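Just so it is clear, the structure is predicted and the values come from calculations on it, not from any experiment. Chain A is the first sequence line, chain B the second, and so forth, proteins listed ahead of strands; every chain is numbered from 1. Values below: all heavy atoms of this structure, side chains included; hydrogens, waters and symmetry mates excluded.
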Protein chains: 2
Amino acid sequence: MRQPVGDAAPNGRPGRARRPGARESILDAIRASEPLSRVELAALTGLTEAAVSMTVRRLLEEGLVVETGRAPTGGKPRTLLRLDPAARLAVGVYLDQDTTTYVLTGQTGGVISRLARPATDVSGSLLADLTADVDVLLAGSGVDRARCLGIGVVWPGPRGGSTEEGPPRLRGWDPDDLGRRLGATTGWPVLVENDATAAAIGEYWVARVGPEQAFAALYMGGGLGAGIIVEGRAMRGGHGAAGEFGHVCVQVDGPECWCGSRGCLEVLAGPRTVTAAALADPATAAEAGLDHTGRRSVPADFAAVARAAWAGAPRCLALLEDSARYVAAAAESVVNLLDIDLVVLTGPGFAAASFVYGPAIQRRMAAADARTWRRSVTVTVSLAAATASATGAAALVLQSHLRR
Amino acid sequence: MRQPVGDAAPNGRPGRARRPGARESILDAIRASEPLSRVELAALTGLTEAAVSMTVRRLLEEGLVVETGRAPTGGKPRTLLRLDPAARLAVGVYLDQDTTTYVLTGQTGGVISRLARPATDVSGSLLADLTADVDVLLAGSGVDRARCLGIGVVWPGPRGGSTEEGPPRLRGWDPDDLGRRLGATTGWPVLVENDATAAAIGEYWVARVGPEQAFAALYMGGGLGAGIIVEGRAMRGGHGAAGEFGHVCVQVDGPECWCGSRGCLEVLAGPRTVTAAALADPATAAEAGLDHTGRRSVPADFAAVARAAWAGAPRCLALLEDSARYVAAAAESVVNLLDIDLVVLTGPGFAAASFVYGPAIQRRMAAADARTWRRSVTVTVSLAAATASATGAAALVLQSHLRR
DNA sequence: TAACATTCTTAAGCTACTGAACGAAGTAGG
DNA sequence: CCTACTTCGTTCAGTAGCTTAAGAATGTTA
């Protein structure tokens with residue numbers, strides 16, 4: 001949501017904070033905790049029952065919400081409300097290095113259909129390809145196009161996707177510009193975001209995390225990123241560059257990073273470093289089935305190492321466990337700094353290797369959690385970690401529409 | 001602001017986000033950028049000129065704001081508005097280990113008068129002492145008590161103030177309970193906060209930081225903490241424990257910390273570690289004029305080391321520079337993670353040794369800033385670093401009243 | 001002195017919410 | 001089955017806080 005391209009809503013930059021509003025509060029409460037009755041909504045949102053009643057009626061008329069069943073009480077039973085999954089749709093696009101993934105989701109974030117295309121290298125055709133593929137996705141799904149709220153576009157972002165100096169450009173495009181143009185050609189609002197933040201919003205949406213949870217999604221793709229959501233709001237920072245988890249320092253005088261600093265997590269324990277180490281040692285490379293000739297993308301190679309480790313290959317496992325020690329330390333730093341309640345591992349990297357990283361992070365935090373902080377941090381793995389970015393892109397649209 | 005003790009305002013916990021409101025937007029804009037005219041306020045806040053006009057009239061009637069001078073334009077000149085510093089007052093109390101500091105400030109955060117008392121060890125008399133001392137402070141200042149908005153109470157918090165296990169209790173008191181009781185005995189609203197967050201809010205207020213700046217105040221007292229303010233809101237985390245800067249990990253397998261983890265910044269580079277190292281080496285201790293018999297508080301000993309280093313003592317300087325390397329790395333992590341624009345060093349520790357820590361942090365970030373992130377992070381030292389907590393406690397009250 | 005530029009004010013109206021009373025839909029007891 | 005009771009949801013008038021639109025105030029410029 002760097003810019004609500006194609007949308008009239010000003011991004012709050014010049015001025016005061018956005019207003020909550022009954023509509024948003026209610027939809028968000030239902031999203032996080034459906035089914036809910038009107039009285040429960042009043043209690044959860046702090047609105048009066050009258051306000052809830054009026055707002056819910058409008059939501060029912062719009063078809064966003066449906067009444068579904070009742071819950072017995074001492075008196076009149078509660079009528080339970082849910083989001084109608086098919087009432088609104090969103091398209092998510094993930095522009096990965098070598099693949100472009102499209103998903104069509106319903107209002108609750110559930111995937112309706114999917115599409116994957118190899119990335120086209122002809123930079124001039126990117127816009128046309130996207131437009132055509134979104135069209136194919138919608139046509140093939142047989143849904144009412146009028147119900148589609150917009151398109152979320154996610155790209156790997158500046159974080160770690162590149163060893164060149166400076167933030168990488170997306171196949172020659174400026175992301176915001178691409179979003180604006182795509183909005184013009186398709187007629188839909190287009191929202192642009194980086195992979196980690198999108199994955200966090202997707203997880204927040206699909207896994208029904210509530211705004212009372214301080215939440216961090218750690219994302220491993222070509223690099224390491226973090227999406228942070230506190231009080232229901234994604235932290236994007238002063239220049240939209242927050243979440244550079246890969247550049248948390250875990251060793252003061254560590255090796256130099258491409259970013260110009262030293263000891264960054266990514267250079268010590270990032271997926272690129274893991275795969276490079278696997279390739280550098282013939283025995284390890286053999287375990288993972290890697291060689292220099294048939295080299296694929298970083299996430300693909302990393303997944304090969306993870307699969308080998310899962311199958312019992314000791315050298316691959318050792319590589320991952322070494323990496324996980326660093327990642328766990330950095331994760332603990334984030335949790336301590338922001339008082340995070342919930343850590344979710346997501347993205348293709350963690351999807352493949354969560355069996356190592358998950359326990360490592362839990363182990364690292366367990367001691368101090370109970371002993372000092374009197375908290376208990378939950379560490380989980382995303383249910384759809386491998387495709388988190390694409391569904392996150394769609395959730396981006398859902399999230400923004402809720403605040404229409 | 002862990003709890004608005006004695007205040008009726010619910011802390012937003014059950015329900016939706018707080019509303020901004022014209023009054024708050026306007027007062028905050030004037031605070032950050034006075035003097036301002038009504039049209040400028042309209043542009044800054046996003047309100048209409050009509051709304052600004054009405055709201056300002058009310059503020060003028062209340063005496064919070066005054067008209068002061070005019071600025072020529074092509075047409076009718078602008079009438080400039082300022083906060084009236086003396087219109088409202090706030091009391092800040094800092095409960096340090098061995099001293100209790102009281103300040104009385106005006107509406108702009110300027111200190112009107114001060115009071116310091118040695119900490120009483122009789123835990124039963126703390127409440128009575130506070131009540132009496134606040135009374136003395138106000139009486140001695142000759143101000144209208146009705147103008148006082150409330151009392152902010154700040155304590156060193158769980159962070160690093162103790163080597164015992166578990167969060168330390170404040171001379172036997174639960175901070176929230178103390179606040180509640182103090183509110184009852186004095187009749188004023190009492191807000192309770194930890195030192196680092198309070199210092200951040202104080203700096204935000206006094207130094208006129210605007211909400212568009214993502215801002216971190218690094219605080220060194222008995223330990224290391226951070227107050228983080230993004231979009232004008234202090235980050236307190238899920239359980240009010242955010243800002244544990246001292247427990248950012250800067251060495252994966254570093255020495256064990258009292259918190260139960262390893263390689264925490266505080267155990268490698270905190271003030272306690274620096275003073276312990278100075279005492280352990282006789283030559284260094286001699287430079288700093290320290291010995292085991294006349295040992296004082298951690299901040300006092302640390303200040304002695306810093307003074308010696310400033311005077312040219314090489315061993316003391318080396319100790320501080322070693323500490324600063326770690327602090328700089330951790331600061332860089334925070335900046336990268338949250339896309340921070342402005343870092344302010346504050347608290348007695350940094351007040352004494354900023355000549356080492358400031359340049360070290362700037363050096364560490366300069367390379368990657370220009371090369372990779374295309375940002376420029378400002379690192380400054382608080383103007384009143386040594387008393388930041390007490391003025392921050394008062395600012396806490398001002399901040400909360402603005403949102404009455 | 002008239003025309004213009006800009007700032008600030010006034011007045012009517014709109015939107016979204018609140019408060020309080022009321023209607024609706026169940027259970028429990030006789 | 002009827003009554004009392006409980007809890008849920010709605011209705012309606014009122015209000016706070018804003019916007020839109022018009023206009024008054026206060027300066028400069030030709």
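- For C/dT6, neither phosphate oxygen OP1 nor OP2 lies less than 4.0 angstrom from any side-chain nitrogen or oxygen of B/T73.
- Residue A/A51 has its side chain nearest to C/dT18 when only D/dT19, C/dT18, C/dA16 are considered.
- Rounded to whole Å, atom P of C/dC8 lies 11 Å from atom CG of B/L60.
- When atom types are taken as modelled, the side chain of A/T186 and the backbone of A/L182 share a donor-acceptor pair closer than 3.5 angstrom.
- Taking each heavy atom of A/A393 and A/G92 in turn, the nearest pair found is CB-CA, 3.6 Å.
- Nearest-nucleotide mapping onto DNA chain C: of A/R58 and A/G75, the residue sitting toward the 5' end is A/R58.
- For A/R88 (side chain) and A/L64 (main-chain N/O), no donor-acceptor pair under 3.5 Å exists by modelled atom type.
- The CD1 atom of A/I26 sits 6.0 Å away from the CG atom of A/L41 when rounded to the nearest 0.5 Å.
- Residues B/T79 and B/R38 have side chains that bring a donor and an acceptor to within less than 3.5 angstrom of each other.
- Following rounding to the nearest Å, A/L36 (CG) and D/dC8 (P) show an atom-to-atom distance of 13 Å.
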All N/O pairs under 3.5 Å across the protein-nucleotides 9-13 of chain D interface:
unit_1 : atom_1 : unit_2 : atom_2 : d
D/dG9  : OP1    : A/T79  : N      : 2.7
D/dG9  : OP1    : A/T79  : OG1    : 2.8
D/dG9  : OP2    : A/R38  : N      : 3.3
D/dG9  : OP2    : A/V39  : N      : 3.1
D/dG9  : N7     : A/E49  : OE1    : 3.3
D/dT10 : OP2    : A/R38  : NE     : 3.0
D/dT10 : OP2    : A/S53  : OG     : 2.1
D/dT10 : O5'    : A/S53  : OG     : 3.2
D/dT11 : OP2    : A/R57  : NH1    : 2.7

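- Salt bridge annotation for A/E67-A/R82: absent, with no cationic side-chain nitrogen under 4.0 angstrom from a carboxylate oxygen.
- Comparing the axis of the opening five pairs of the helix from C/dT1-D/dA30 to C/dC22-D/dG9 with that of the closing five pairs yields an angle of 0°, rounded to 10°.
- Looking at B/D177 and B/R181, a side-chain N of the basic residue comes within less than 4.0 Å of a carboxylate O on the acidic one, giving a salt bridge.
- When the P atom of C/dC8 is taken as reference, atom CD1 of B/I26 falls 12 Å away, rounded to whole Å.
- Using a 3.5 Å distance cut-off with no hydrogens or angles, the side chains of A/R31 and A/T108 do not pair a donor with an acceptor.
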